[in-house]
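These notes concern the structure reproduced below.
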Amino acid sequence: MTSSDLSTIPRPGVAPGPLHRSVCAQLRAHQAAVAGVHMRELFAADPRRFERFSLQVGDLLLDYSKNRITEETMALLVRLAEEADVAGWRDRMFGGEKINTTENRAVLHVALRNRSNAPVMVDGEDVMPRVNAVIDRMGVFAEKVRSGEWRGYSGKRITDVVNIGIGGSDLGPQMVYQALKPYRHPHLKVHFISNVDGAHVKEALEALDPGTTLFVVSSKTFTTQETMTNANHARAWFLAQSQAVEHVARHFVAVSANREAVAAFGIDPAGMFEMWDWVGGRYSLWSAIGLSIVLAVGAERFVELLAGAHAMDTHFRTAPLAQNMPVILALLGVWYNNFFGAESHAILPYDHYLRSLPAYLEQADMESNGKSVDRDGHAVDYATGQIIWGATGINGQHAFYQLLHQGTRLIPADFIVSVTPHTELQAHHDILIANFLAQTEALMRGRTLEETRAQTGQASPFKVFDGNHPSNAILLQQITPHTLGMLLALYEHKIFVQGVIWNLDSYDQWGVELGKQLASRILPELHAPAPVGGHDASTNALINYYRRMSQRHPKM
Ligand code: F6P
């Protein structure tokens with residue numbers, strides 16, 4: 001796609017959206033003027049470019065100077081944010097207004113980490129007392145488990161926690177559990193089961209003792225097929241040994257917004273940790289969905305995580321748009337997505353503990369902004385959510401970076417780095433950092449034919465690097481609960497700002513529904529006595545192939 005695809009003339013039936021503002025025409029003209037400019041030239045022309053295009057918030061530094069921008073670019077992009085009323089939408093979100101219009105819900109993950117305790121009103125009620133009560137209950141419960149006071153049915157101490165959940169009820173807690181490894185309880189392991197493939201639950205349980213295992217069934221709706229199937233299996237596995245349903249209460253707790261379904265599953269309401277409909281699944285690690293995090297790192301650390309997110313919330317609420325870290329990241333994303341036609345965005349953590357961050361952000365971003373109908377119900381005629389992907393950067397260097405450096409696509413990337421490592425292996429860390437720096441420099445500068453000749457003795461076109469590939473560098477002082485909270489809130493708000501600019505409801509996810517419906521229709525057909533014929537030819541044939549072959553080759 002090129003910038004000219006962002007037509008200012010709406011398609012029939014397509015409402016003029018925010019990308020039809022006059023500032024967008026100016027941005028298109030500006031893009032045409034700067035598209036041929038190399039970042040090398042921009043750096044050469046301005047020795048203060050780093051100072052100009054970097055920003056520090058607490059222990060987070062954002063260097064965005066290696067982007068294809070000038071001061072004019074940023075001024076125009078900030079105008080776009082102003083015209084899209086980012087500040088107004090932000091205030092409506094923090095104010096508890098029902099900005100998730102298609103579900104008629106407020107969007108208040110920010111209330112979950114509102115450490116100032118200022119009232120947050122939803123439907124005339126301050127939600128903070130309930131939020132704080134749940135955080136307190138989580139802390140008290142986790143402390144009992146961590147200290148060994150909470151015992152299994154046979155009197156043994158809990159050694160393993162199994163979080164059963166999927167999507168936001170899995171990816172967030174799992175990523176944080178991994179990221180905060182240095183802060184974990186030494187004798188309490190947390191396992192995560194998400195996939196309905198029986199291999200996942202079977203393998204996880206094989207290594208566990210029912211008498212020392214605590215299950216946290218995490219599901220906002222408590223109806224998610226994968227989670228309930230795995231939870232039922234875990235319950236049967238537990239009962240096969242414990243032989244008494246009254247023991248379930250010591251080994252199963254639930255996190256949900258659906259009290260009735262939790263009770264119907266057989267979990268004592270006293271063992272339920274509440275969340276609310278104004279917490280979106282992919283924004284829920286701050287809620288009781290974070291129970292497995294609290295069990296792992298303790299209440300104090302969890303509160304530090306919340307406080308980090310709150311610090312970023314405060315920055316997002318109060319900093320002018322031009323010096324607002326989430327806004328800047330969002331605008332740069334819009335710049336490449338809508339004016340350069342970039343289709344994807346890479347997340348490249350240079351940190352082993354952040355290795356699950358790309359998967360977490362895939363859901364956070366793509367489930368939020370992967371939409372083609374705007375919040376007014378009109379089809380959009382501009383690109384919305386980018387494809388988010390990534391992996392630990394250092395491993396990526398030996399895998400997919402070839403395409404970043406010499407491929408034909410423009411792929412903006414975020415490099416995420418911590419200054420102070422958690423191990424004493426400083427030499428390793430220096431190598432890691434040197435590589436991060438080298439990669440961002442190489443992506444920006446490239447290597448001309450002349451330089452290739454000078455450096456390699458050959459004027460080989462295969463060894464030339466065009467450069468001019470944009471990247472952001474986000475440096476955390478160290479991965480701590482606080483900096484991690486800041487980092488995650490930074491991305492949440494980036495996604496929010498982009499959703500506002502694209503005029504989307506970033507907090508629904510209707511796109512996941514159709515597949516779920518079809519799966520429940522297909523499930524009984526897999527073992528139907530007669531061939532199935534109610535679908536298209538491909539789906540019919542595949543169902544019937546599966547019916548025949550699974551009978552012929554039953555599991556061994
Ligand atoms: O199907 C998508 C989704 O609804 C996600 O948005 C959510 O995070 C996940 O499923 C899990 O949902 P629940 O917590 O209700 O089981």
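Order of appearance sets the numbers: ligands from 1, and atoms from 1 within every ligand.
For Tyr283 and Phe496, the distance between ring centers is not under 6.0 angstrom.
Every residue two or more places apart in sequence or in another chain that forms a side-chain contact (heavy atoms from CB on, under 4.5 Å) with Glu125 is listed here: Arg130. Shown here are the ring-ring contact (aromatic ring centres under 6.0 Å, His included) partners of Phe141, two or more places apart in sequence or in another chain: Trp150, Phe273.
The pair Asp123-Lys98 meets the salt-bridge criterion, with a side-chain N (NZ, NE, NH1 or NH2) lying under 4.0 Å from an Asp/Glu carboxylate O.
Judged by a 6.0 Å distance limit and a 45° cone about the ring axis, Arg235 is not positioned over the six-membered ring of Phe252.
The protein residues lying under 4.0 angstrom from ligand 1, judged by non-hydrogen atoms, are Ile166, Gly167, Gly168, Ser169, Ser219, Lys220, Thr221, Thr224, Gly281, Gln363, Glu367, Gln509, Val512, Lys516.
Residue pairs meeting the salt bridge (charged side-chain N to carboxylate O under 4.0 Å, His left out) criterion with at least one member in residues 200-215, sequence neighbours excluded, are Lys156-Asp209, Lys202-Glu206.
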